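Reviewing the structure listed below.
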Amino acid sequence: MSQASPPPADRAPVPHHVAIIMDGNGRWAKQRGLPRIEGHRRGVETVRTVTYAARDLGVRMLTLYAFSAENWNRPQDEVGALMGLLELYLRKELETFVRDRVRLRTIGRIEGLPAGVQRLLAATVEKTKDFADYTLVLALNYGSRNEIVDAAHAYAAAVASGKATPDDRSWESFERHLYTAGMPDPDLVIRTSGETRISNFLLLQAAYAEFVFTPVLWPDFSKADLSSAIADYARRERRYGQTSEQLKPAAATP
Ligand code: IPE
Ligand code: IPE
Ligand code: MG
């Protein structure tokens, strides 16, 4: 084969960090006359598929909104079933992550999760912490408003102990105290199931993210759907406050 330049699709920029609001498990189950938990069970299968699909497509970091701070308000049996599924998932994935070199990280108030889940998370995070190529971030008991409150609290404590100065009003100094400290901001945020809201997810970090909303329900979300969201992202122009003209490389002189 000749060394011709690759087709345009291959040159398309791939988002470094993709974050997904996985929504629609309940509706998927309802459409089939199944209990909601069956939708969640299928949703876990999609988590597995998408974790590897994203890596295959060149994504380096994938954040999945798995359980919001507000999801505790669901019926007790659904919350219990979700925690059970999470524990089962972590138990199964631990070895797989080590084998496939997937780094696991979490964001959210992890201390509010059941003790068994916390132990599994801590073990998996520890065992995978040196993998540098691909990171899966699970947002668990996560809410942006809690995150801001927790960050302000940690910042105040840093000031009180002399580790931070109150006059340093830079974003860089503040963001160090967010759950996402050290993580790049999401480039692309996807929400499935047709809802077009952010539901308290990465409010600060998504300041300049591109959004893709798809009607596909999470259990049906496939590698092709992810690929099409990435293709959509590649067509966008991220201007960060500048004009389109400023972003174009200066015309080459003849
Ligand atoms: C997303 O699916 C899973 C979680 C929020 C845990 P939902 O359970 O919200 O599904 P719908 O929105 O009721 O269809
Ligand atoms: C957002 O989905 C939370 C997760 C995907 C974990 P929800 O289904 O809880 O969001 P709302 O309540 O419809 O906004
Ligand atoms: Mg929902």
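Counting convention: from 1, in listed order, for ligands and their atoms alike. Worth saying up front: this structure is predicted, and the values here are computed from it rather than measured.
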If we number the atoms of ligand 2 from 1 as shown, the ones under 4.0 Å from a heavy atom of D23 are 8 (O)
Could you check whether any heavy atom of G24 sits closer than 4.0 Å to an atom of ligand 1, since that is the contact criterion I want to use?
yes
For A66, the atoms of ligand 1 under 4.0 Å from one of its heavy atoms are 6 (C)
- Query: Taking N or O atoms only and a 3.5 Å limit, does R191 qualify as a polar contact for ligand 2?
  - Reply: yes
Note to self: Strictly below 4.0 Å, N to O, side chains only: are D23 and R191 in salt-bridge contact?
What the structure shows: yes
heavy-atom search around atom 3 (C) of ligand 1 in the protein gives N25 ND2, 3.6 Å
Restricting to heavy atoms, the pick from M22, R27, R74 nearest atom 9 (O) of ligand 1 would be R74
Could you tell me whether D187 and R238 make a salt bridge, using a distance below 4.0 angstrom between a side-chain N and a carboxylate O? yes
Here the side chain to side chain donor-acceptor pair (under 3.5 Å) pairs for residues 144-153, sequence neighbours left out, are R109-D150, Y142-S144, Y142-E147, E147-Q205, D150-Y179
Would you call R48-E45 a salt bridge at under 4.0 Å N-O?
yes
Q.
Please report whether ligand 1 has a polar contact with N71, defined as an N or O pair separated by less than 3.5 Å (distance criterion only).
A. no
Side chain to side chain donor-acceptor pair (under 3.5 Å) filter on S170, not counting sequence neighbours, yields D168, S173
The closest protein heavy-atom partner of atom 6 (C) of ligand 2 is Y65 O, 3.3 Å
Worksheet item: Parallel, tilted or perpendicular for F201 and Y65, by the 30°/60° rule?
Response: parallel
the protein heavy atom lying closest to atom 13 (O) of ligand 2 turns out to be R197 NH2, 2.8 Å
Of all N, O or S atoms in D23, the one closest to the Mg ion (ligand 3) is OD1
- Message: Is there a side-chain hydrogen bond (donor to acceptor under 3.5 Å, both in side chains) between S228 and D225? Walk through the geometry before answering.
- Response: CA-CA 5 Å; S228 117; D225 294 317; 5.5 Å; no
If only atom types and distance count, is the side chain of Q246 paired as donor or acceptor with the main-chain N or O of T243 below 3.5 Å? yes
Open item on the list: Against ligand 1, does K30 come closer than 4.0 Å with any heavy atom?
Closed with: no
Could you tell me whether E38 and R42 have a side-chain N and a carboxylate O separated by less than 4.0 Å? no
of all protein heavy atoms, closest to atom 14 (O) of ligand 2 is S199 OG, 2.6 Å
Using the six-membered ring wherever Trp is involved, compare the ring planes of F174 and W171 and label them parallel, tilted or perpendicular (cut-offs 30° and 60°). tilted
* Asked: Can you find an N or O of F67 that's nearer than 3.5 Å to an N or O of ligand 1?
  -> no
protein heavy-atom neighbour closest to atom 10 (O) of ligand 1 works out as G26 N, 2.9 Å
Ligand 1 atoms nearer than 4.0 angstrom to some heavy atom of H40 are 3 (C), 8 (O)
